[in-house]
A.B. asks: 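The following block contains the structure, expressed as structure tokens.
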Amino acid sequence: MKKQGIIIYLLLAICLTLQAKERIIEHPPFLGWNGSTIEIDKIVLNDTETVLHIKAFYRPKNWIKMDTKTYLIADSGEKFQITGTNGIPLDKEFYMPESGEAEFTLTFPPLPPSVKSIDFVEEVERGWHIWGIQLKDKNLPKLELPAEAVVHHINLQTTLPKLEYKKGYATLKGQFLDYRHETGKEISMNVGYPMGASNPIKITINPDGSFSEKVMVVSPTPCVLYINQVIYCFLAPDEETQLFINTREKARQQSKLRKNEKPSGLSVYYNGFMAAISQEYAQQKEILDKDNKDIYKELDGKDLKGIRDYFMEKNQRQKQLIETLNISTACKDILLGQEDAVTAMNLLSGKSIYTQNMLSSGQIKREEANDFYTNLKLPEDYYTGIEKLAGLNTPQALYNFTFSRLTYNPDFAQKLGKATGITEGTLFELVKVVPIIRKIEDFTPLSDEDRTALASLSSPAFLEFAEEKNATLLKTIEANKKKTGFNVNEAGEVTNEDLFASIISKFRGKTILVDFWATWCGPCIMANKQMAPMKEDLKDEDIIYLYLAGENSPEKTWENMIPNIKGEHFRLTQSQWDYLGKTFKVSGIPTYLVVDTEGNVTYKQTGFPGVPKMKEELLKAAGK
């Protein structure tokens, strides 16, 4: 008995020793990530393994995947490959539950005790990366700020700069603090003012995290930057705007597990044009966004009148709240204008919201939704109260970040004019300008009628702006005439039932990538740019790249865009496009089909799957 007691005591001592060596780090701080879908809830370290307890946040019934090419990198540079999982399979689709939240663990080999920080890496295209994960300290290393990254004093009496129309180039310069290339190598820039490009401008990020861009504008202009996070700033003709983006603080704000922890400084430090106002706006936006609710849940079951009442009442509540804030006059004016613009856009979306409500309740079927939406009539009093949004017809509206979307949709201006009896002002002027600028972007040069219309407006800057864009367009059109590598094809006079077979018959015996796309589709265009190097890599393979566009791609635009997209091009009639869309269940664009040498569709994907996947499917269809 005594001997048995000693053995039990020794076993207990061994267990306690092992337990003592186990270390748990709750919500470890980190320097940055490339997305907030997965978060590390805690890390368990011991002598036999390293276990990451993960919480995932993603859309219900959509899948995520954890790849076998996942590892940890210690601060020494040593890699530790994933050895197992619990709660999620490796290399298989894992569908998120109705809650949109899931928990699982990832196991890795034990880390040396000397390791102070690690990076989490999923080494696949668009894989997850979290870097600078702290193991020894609950605080991150001290943030080294450049001398220009200062906190501005807020003057409550500050007003918005007087708006003056003037054609010029705005300069944007930026720097990512704690930059890692996993953050992304491009930043997307949307110039909010309607004279800006309708498509995002892609800006290359330098290896040191810096970036810069010049853009032509005709007034002070809101600008939104996006790379895993939203950044707000303002541009102006002949002015410079400078940003210092605090990656670690942006990550903390995005985190569901760490968002209530102490901030790591400002999320963005501003310098240059409207720096203090930009700083104040960004801070207030972060505070106001915390209280944002899922409006679509609140709108569930409401009819059109209920939808209208909800948005108008919400507008008044939000504006009353903004009026109580201890902020500058300038920031208050921007927020008030923003609230009105968002309300206007929501009202314009009323038919879409109601259609979705009818779908969700089962009162209509998905195949009936388009016809239901088209035939839906708004109540005569739907826009009652819209005169309260009349501030959107003033110059101050140009400073809010949603206003430009209204200028692309003349419906709101018409409704506002009817409600107020006013048909002149900033909004009414700009809804005349925007269609002309869009025509130039759609590869249609300025006409004499366009010039006359622009010359009749309040400032010569509008015509000057359009003329410069037009000159650039004409050079592009001339350059496109010299390009090769693309062919324009006719679908021929065949029945819709025989259309697809007729299109691909010319390329019988070859592997074909069919791309349903449109000239106005940003993701389509970006995917084509990403696939250009792949086409070069596969140039010795017998692969045809076949592009199908419809009548909703303006003909001149299409003709001038396809020289930059090497392959075989068809522009279909609306009837042909609708038929093929229904046949292949094209629910959105881009949609891709891979056709093998026997004419069989071996792969279909809506949305760009990435170059590696596309290359894999093409080679598989080619028998490689």
Side-chain angles (χ1 to χ4, degrees), residues 125 480-519 521 523-551 553 555 558-624:
E125 185 178 9
N480 282 346
K481 291 177 181 177
K482 301 174 184 177
K483 291 181 178 177
T484 59
F486 69 99
N487 295 305
V488 175
N489 298 270
E490 295 291 336
E493 293 189 14
V494 296
T495 63
N496 286 342
E497 289 78 3
D498 295 329
L499 177 63
F500 190 72
S502 175
I503 287 174
I504 66 172
S505 64
K506 180 179 176 182
F507 314 106
R508 192 176 303 281
K510 301 178 187 292
T511 301
I512 306 170
L513 173 60
V514 181
D515 184 341
F516 289 85
W517 76 296
T519 56
C521 169
C524 303
I525 296 164
M526 290 306 299
N528 283 324
K529 288 180 180 178
Q530 291 177 42
M531 283 193 286
M534 180 194 77
K535 291 182 182 178
E536 186 62 25
D537 290 343
L538 299 178
K539 64 183 178 182
D540 295 329
E541 305 294 338
D542 215 1
I543 297 174
I544 296 295
Y545 302 94
L546 194 155
Y547 295 90
L548 303 180
E551 288 182 343
S553 292
E555 189 169 8
W558 178 75
E559 287 175 355
N560 283 287
M561 286 183 74
I562 61 176
N564 295 314
I565 307 172
K566 294 185 185 240
E568 304 291 332
H569 291 269
F570 292 79
R571 186 169 179 270
L572 308 176
T573 66
Q574 189 63 48
S575 172
Q576 291 170 334
W577 176 268
D578 290 343
Y579 181 82
L580 290 185
K582 186 176 181 180
T583 300
F584 292 107
K585 296 182 171 58
V586 177
S587 58
I589 54 173
T591 286
Y592 304 94
L593 306 177
V594 174
V595 182
D596 67 15
T597 55
E598 300 297 320
N600 302 308
V601 176
T602 61
Y603 176 72
K604 180 199 162 195
Q605 171 68 29
T606 296
F608 185 49
V611 170
K613 180 64 175 175
M614 191 66 81
K615 190 173 183 179
E616 174 191 334
E617 292 296 335
L618 286 169
L619 290 174
K620 190 191 300 181
K624 301 291 181 174

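We count residues from 1, following the sequence as given.
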A.B. asks: One pair to check against side-chain contact (heavy atoms from CB on, under 4.5 Å): L572 and I503. What are the steps and the verdict?
C.D. replies: CA-CA 11 Å; L572 308 176; I503 287 174; 4.2 Å; yes

A.B. asks: Which pair of heavy atoms, one from A527 and one from F608, lies closest together, and at what distance?
C.D. replies: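 In terms of heavy atoms, the two residues are closest at CB-CG, 3.6 Å.
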
A.B. asks: Give me the atom names and distance for the closest heavy-atom approach of N560 to N480.
C.D. replies: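 Closest approach of N560 to N480: O-ND2, 2.7 Å.
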
A.B. asks: Does either side chain, that of T495 or that of D498, offer a donor lying less than 3.5 Å from an acceptor on the other one?
C.D. replies: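 Yes.
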
A.B. asks: Atom NZ of K529 and atom CD1 of I565: how far apart are they, to the nearest 0.5 Å?
C.D. replies: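 So the gap between those two atoms works out to 9.5 Å.
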
A.B. asks: Applying the side chain to side chain contact (heavy atoms under 4.5 Å, CB included) test to Y603, which of V594, D596, V595 qualifies?
C.D. replies: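 Among V594, D596, V595, the one that satisfies the side chain to side chain contact (heavy atoms under 4.5 Å, CB included) with Y603 is V594.
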
A.B. asks: To the nearest 0.5 angstrom, please state how far the CE atom of M534 sits from the NZ atom of K615.
C.D. replies: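 Interatomic distance, M534 CE to K615 NZ, rounded to 0.5 Å: 8.5 Å.
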
A.B. asks: W517 and Y547: side-chain contact (heavy atoms from CB on, under 4.5 Å), yes or no, with the steps?
C.D. replies: CA-CA 7 Å; W517 76 296; Y547 295 90; 3.6 Å; yes

A.B. asks: Going by heavy atoms in the side chains, are L593 and F516 under 4.5 Å from each other?
C.D. replies: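 L593 vs F516: side chains touch.
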
A.B. asks: Go through R571 and E559 one step at a time and tell me if the side-chain contact (heavy atoms from CB on, under 4.5 Å) criterion holds.
C.D. replies: CA-CA 10 Å; R571 186 169 179 270; E559 287 175 355; over 6 Å; no

A.B. asks: Do the ring centers of F500 and F584 come within less than 6.0 Å of each other?
C.D. replies: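 F500 vs F584: aromatic centres under 6.0 Å.
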
A.B. asks: How long is the gap from CD1 on I562 to CG on N487, to the nearest 0.5 Å?
C.D. replies: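 Nearest 0.5 Å value for the CD1-CG distance: 9.0 Å.
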
A.B. asks: If you look at every heavy atom in A549 and S553, which pair is closest and at what distance?
C.D. replies: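 Distance-wise, the nearest heavy atoms are CB-OG, 4.0 Å.
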
A.B. asks: Tell me whether the NZ or CZ atom of K566 lies within the 45° cone about the ring axis of Y545 and under 6.0 Å from its centre.
C.D. replies: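 So K566 doesn't make the cation-pi contact.
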
A.B. asks: Looking at every heavy atom in both T606 and S587, which two are closest together, and how far apart are they?
C.D. replies: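 For T606 versus S587, the nearest heavy atoms are OG1-OG, 3.8 Å.
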
A.B. asks: For E490, does the CD atom sit with more than 12 other heavy atoms under 6.0 Å from it, leaving out its own atoms?
C.D. replies: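 Result for CD/E490: open.
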
A.B. asks: Calculate, to the nearest 0.5 Å, the distance between atoms OG1 and CD1 belonging to T511 and I544 respectively.
C.D. replies: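 T511 OG1 to I544 CD1: 9.5 Å, rounded to 0.5 Å.
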
A.B. asks: Could you tell me which non-hydrogen atom of P590 sits nearest to which non-hydrogen atom of P523, and how far apart they are?
C.D. replies: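 Reported closest heavy-atom pair: CD-CB, 4.1 Å.
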
A.B. asks: Which residue pairs satisfy the salt bridge (Lys or Arg N to Asp or Glu O under 4.0 Å) criterion with at least one member in residues 503-519, sequence neighbours excluded?
C.D. replies: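 Listed by first then second residue: K510-D542.
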
A.B. asks: Measuring from H569:NE2 to N489:CG, what's the distance to the nearest 0.5 Å?
C.D. replies: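 Between atom NE2 of H569 and atom CG of N489 there are 9.0 Å.
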
A.B. asks: Can you find a pair of side-chain heavy atoms, one from K604 and one from K585, that are under 4.5 Å apart?
C.D. replies: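 Side chain of K604 against side chain of K585, heavy atoms only: contact under 4.5 Å found.
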
A.B. asks: Without swapping roles, check the side chain of T602 against the backbone of A621 for a donor-acceptor pair under 3.5 Å.
C.D. replies: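 No; zero donor-acceptor contacts below 3.5 Å.
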
A.B. asks: Is any side-chain heavy atom of L546 closer than 4.5 Å to a side-chain heavy atom of L548?
C.D. replies: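 A side-chain contact under 4.5 Å exists here.
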
A.B. asks: Using 0.5 Å steps for rounding, measure from the CD1 atom of I589 to the CH2 atom of W577.
C.D. replies: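 Those atoms lie 5.5 Å apart.
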
A.B. asks: Any donor and acceptor pair, going by atom type alone, linking the side chain of T583 with main-chain N or O of Y579 inside 3.5 Å?
C.D. replies: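 Here the side-chain-to-backbone pair exists.
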
A.B. asks: Tell me every residue that passes salt bridge (Lys or Arg N to Asp or Glu O under 4.0 Å) with E541, counting only those two or more places apart in sequence or in another chain.
C.D. replies: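 If we apply the salt bridge (Lys or Arg N to Asp or Glu O under 4.0 Å) test to E541, skipping adjacent residues, the hits are K624.
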
A.B. asks: Which heavy atom in P563 sits nearest to a heavy atom in K483, and how many Å separate them?
C.D. replies: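 Taking every non-hydrogen atom into account, O-CD, 3.8 Å.
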
A.B. asks: Given M614 and Y592, is the side-chain contact (heavy atoms from CB on, under 4.5 Å) satisfied, shown in steps?
C.D. replies: CA-CA 9 Å; M614 191 66 81; Y592 304 94; 3.6 Å; yes

